[in-house]
Participant: 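Sending over a structure as structure tokens; questions will come in a sec.
Numbers for residues simply follow the sequence, beginning at 1.
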Amino acid sequence: MPESWQKSSYSGATNECVEVRTVAGAVELRESDEAHLILRTTPTALAALLSGVKSGEFDHHA
């Protein structure tokens with residue numbers, strides 16, 4: 001059974017945020033204002049993405 005969607009406390013009362021939940025060992029992400037579009041990935045892949053973002057690996061794309 002899927003967990004409930006969670007959003008960052010930084011989002012406050014707005015509905016424009018990224019939400020996350022776990023489902024059967026996977027991680028799902030969605031944009032709250034486009035709730036029908038869901039990205040599913042593994043915890044390992046998401047951790048690698050977040051690590052790359054934090055380290056600046058993708059800064060040259062900005």
Side-chain angles (χ1 to χ4, degrees):
M1 180 171 198
E3 295 288 325
S4 298
W5 288 103
Q6 297 179 356
K7 69 176 186 173
S8 171
S9 59
Y10 290 104
S11 298
T14 69
N15 282 334
E16 298 177 4
C17 61
V18 174
E19 297 175 317
V20 64
R21 72 178 179 183
T22 58
V23 178
V27 178
E28 292 185 340
L29 301 133
R30 71 179 183 182
E31 181 71 29
S32 59
D33 59 349
E34 294 283 344
H36 63 285
L37 299 173
I38 297 172
L39 172 68
R40 179 178 268 197
T41 189
T42 65
T44 302
L46 180 59
L49 173 66
L50 294 175
S51 177
V53 169
K54 289 177 182 179
S55 71
E57 181 178 342
F58 307 107
D59 287 355
H60 64 282
H61 293 289

Participant: Could you note down all residue pairs passing side-chain hydrogen bond (donor to acceptor under 3.5 Å, both in side chains) where residues 49-62 supplies at least one of them, sequence neighbours left out?
Facilitator: none
Participant: Tell me, which pairs form a side-chain hydrogen bond (donor to acceptor under 3.5 Å, both in side chains) where one or both residues lie in residues 31-41, sequence neighbours left out?
Facilitator: E28-R40
Participant: With clusters built from Ile, Leu, Val, Met, Phe, Trp and Tyr whose side-chain heavy atoms come within less than 4.5 Å, directly or transitively, what are the remaining members of the cluster of W5, listed by chain and number?
Facilitator: I38
Participant: Can you sort out the partners of T42 under side-chain contact (heavy atoms from CB on, under 4.5 Å), two or more places apart, ordered by chain and number?
Facilitator: T44, A45
Participant: Apply salt bridge (charged side-chain N to carboxylate O under 4.0 Å, His left out) to E19 and list each qualifying residue two or more places apart in sequence or on a separate chain.
Facilitator: R30
Participant: Scan for salt bridge (Lys or Arg N to Asp or Glu O under 4.0 Å) pairs involving residues 3-15, sequence neighbours excluded, and state none if there are none.
Facilitator: none
Participant: Does one hydrophobic cluster hold both L29 and L37, with members joined at side-chain heavy-atom distances below 4.5 Å?
Facilitator: no
Participant: For residues P43 and G25, report the shortest heavy-atom separation together with the two atoms involved.
Facilitator: CD-O, 3.4 Å
Participant: Starting at CG of L39, measure out to CG of L46 and round the result to the nearest 0.5 Å.
Facilitator: 8.5 Å
